[in-house]
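Following: one structure in structure tokens, then a few remarks.
Reminder, nothing fancy here: chain letters follow the sequence lines and each chain counts from 1. The model shown is predicted, which means the values in this text are computed figures rather than measured ones.
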Protein chains: 2
Amino acid sequence: MSLSTPKTISNAQPDFERPSTTVDVVMFAVRDGRLHVLLVKRADAPGEPFPGHWALPGGYIDVSKDDSLEACALRKLKEKTGVVSPYLEQLGSWGSKTRDPRGWHSTHAYFALLPAASVITPVSGANAAEADWVPIASKGVVHKLAFDHQVILEAAVERLRNKVEYTSLPAFLLPETFTLTELQTAFETVLGRALDKSSFRKRVEDAELVVALKNKFREGSNRPAQIYKLRSKTAPVFFPRAISETKSRPVKSTAKVRRTSESNF
Amino acid sequence: MSLSTPKTISNAQPDFERPSTTVDVVMFAVRDGRLHVLLVKRADAPGEPFPGHWALPGGYIDVSKDDSLEACALRKLKEKTGVVSPYLEQLGSWGSKTRDPRGWHSTHAYFALLPAASVITPVSGANAAEADWVPIASKGVVHKLAFDHQVILEAAVERLRNKVEYTSLPAFLLPETFTLTELQTAFETVLGRALDKSSFRKRVEDAELVVALKNKFREGSNRPAQIYKLRSKTAPVFFPRAISETKSRPVKSTAKVRRTSESNF
DNA sequence: ATAAGATAGTTGCATAATACAACGAACCAT
DNA sequence: ATGGTTCGTTGTATTATGCAACTATCTTAT
């Protein structure tokens, strides 16, 4: 095989065909007590694969704008939601000859947890006719997604559910300040099952996850609730053991949470 | 910016500069009761970055050979060690403008756990003058590694140590059959601390991790030990809570095991 | 043949952690 | 004032675990 590499591609890689590289971001948020993911509708332009399909926001790395993979993910997050520093975690990468009809593609997938305050109407971009928050149903969404995005989304949901068992990730889905009941509800929303109040509070206290705001209370039509904030806005806390289900309150959702052989957590 | 893409690069990606893509594999094995990693020495050829440095085995994706990222990782594993189906897990990806002096590179990193039987003298390949098993010291190795491979290796060690707390990963470092004491020793080797025997055995039994081989015993200069095999050769088991340290036996290593904010597990 | 030594495997118990339920506290609405 | 609602805490039965001691089964030495 002999071929010339364009001058602007200066990397000293051997003259092999080079896979295309993208970054996709699974952006989670809680709306109306349900977990949602941000999806964009692909353009209907000629030559575009999966025209009109829903897809994860993402796209090619722009080597002139993006200094790193994470910078690229943050750029896409900001473009779509305006959020600058959410909880962002690498989810994994998917690459194969067949996942994109245009040829060998690999994508670096991230997942982000957006605080409730920032969940506004998303911005439609150049490559996306529409963008919208779509509720998570069991493992994924009802739409048929472009490329292998259904697989990526399911991996993100599974990773999130698994990590909730022993980390404080749902805390990043809340606004800056919150009550302990709101925190517990966030956990229950992601987990899909009810938790015992006193056990949950003991976990939170032992882990030193939150800090009480003196003299700050949530006012309402009943006893005021102490308002807290996270001790760390970005780093999750790890609990020494998994949360167990409570028997006293009914389960809210049908989603089964189960650890599987899936890799990363 | 206007440039032409070589004909053999048929992907319909816009005419942007395209990052180079590699796959690296962190291969772990236990030798002489210590955790080791397989490293290769980079060639001393002109134009090669980091000549003579130790590095993780890996390299560019060969789109003519590799149908997927995982296939590429498995190919590199087989080339170096001859092992066909070890425990293989995606570790993460690293990509930036600066991590390779030749330009924008991203790598998909995997980590593998090799069974004891397959830990033979590694094969030296075309791009590697030497290859050798190097013991893990605290978080990494004593050598200075090429590229950002030190960072990747540290991430692999941390991920492995973290997952040992609540998964059965060390079981994949053993030969096909083993005794419960050997299994416990594998856990202790990776964890760097001693475990209580009865607690460990209860965990293993509750998780249904192993199956006893009838009438098979490890003979020695003392009471024979029941021989077991894994119930599943590829899928790890998840324990409901982290292993705690025993106080009755001395700690073997100085390595501190601690969960951090690092992402994936 | 017997004792000593070593590792395997089990058992019992004191302690710690948790699930569960019930209770009192603080607010609003009527 | 009274009832309703949510907040927050407390007590206790149950479960799980750490720890140590004990027995079992083999080899080797004397």
| query | Does any non-hydrogen side-chain atom of B/Glu70 lie less than 4.5 Å from one of B/Leu88? | reply | yes
| remark: note: A/Lys202, atom NZ; D/dT15, atom P; distance rounded to Å ~ 19 Å
| message | Side-chain N or O of B/Thr181 versus OP1/OP2 of C/dA8: is the shortest distance under 4.0 Å? | response | yes
| Choosing from D/dC19, D/dG8, C/dA8, which nucleotide comes nearest the side chain of B/Ala225? | C/dA8
| How is B/Thr179 classified with respect to the nucleic acid when contacts are heavy atoms under 4.0 Å: base, sugar-phosphate, or nothing? | nothing
| field | Spacing of B/Asp196 atom CG relative to C/dA16 atom C1', expressed in whole Å | value | 15 Å
| message | On a heavy-atom basis, which atom in A/Leu91 and which in A/Ile152 lie closest, and how many Å separate them? | response | CD2-O, 3.6 Å
| said: In terms of relative ring orientation, are B/Phe111 and B/Phe28 parallel, tilted or perpendicular, with 30° and 60° separating the classes? | reply: perpendicular
| query | Can you check whether A/Val134 reaches A/His143 side chain to side chain, under 4.5 Å on heavy atoms? | reply | yes
| Between P of D/dT6 and CD of A/Glu182, the distance in whole Å | 13 Å
| Out of D/dG8, D/dC26, C/dC27, which has the shortest distance to the side chain of A/Gln226? | D/dG8
| task | Name the residue closer to the 5' end of DNA chain C, choosing between A/Ser199 and A/Asn222 according to the nucleotide with the nearest heavy atom. | result | A/Ser199
| task | Would you mind reading off the distance between B/Lys197 atom NZ and D/dC22 atom P, rounded to a whole angstrom? | result | 14 Å
| remark: Whole-Å distance, A/Phe200 CZ to D/dC7 P, equals 13 Å
| request: Report yes if at least one side-chain N or O of B/Arg201 is closer than 4.0 Å to OP1 or OP2 of C/dG9; otherwise report no. | output: yes
| Atom CZ of B/Arg223 and atom C1' of D/dC26: how far apart are they, to the nearest Å? | 9 Å
| query | Over how many whole Å does the gap from B/Arg241 atom CZ to C/dT18 atom P extend? | reply | 7 Å
| message | Under 4.0 Å, heavy atoms only, any strand: does B/Glu219 hit a base, just the sugar-phosphate, or nothing? | response | nothing
| query | Rounding to a whole Å, what distance do you find between B/Glu205:CD and C/dA8:P? | reply | 17 Å
| Do the rings of B/Tyr166 and A/Tyr166 sit parallel, tilted or perpendicular, given the 30° and 60° boundaries? | tilted
| Closest-nucleotide 5' rank along DNA chain C - winner of B/Ser221 and B/Ile227 | B/Ser221
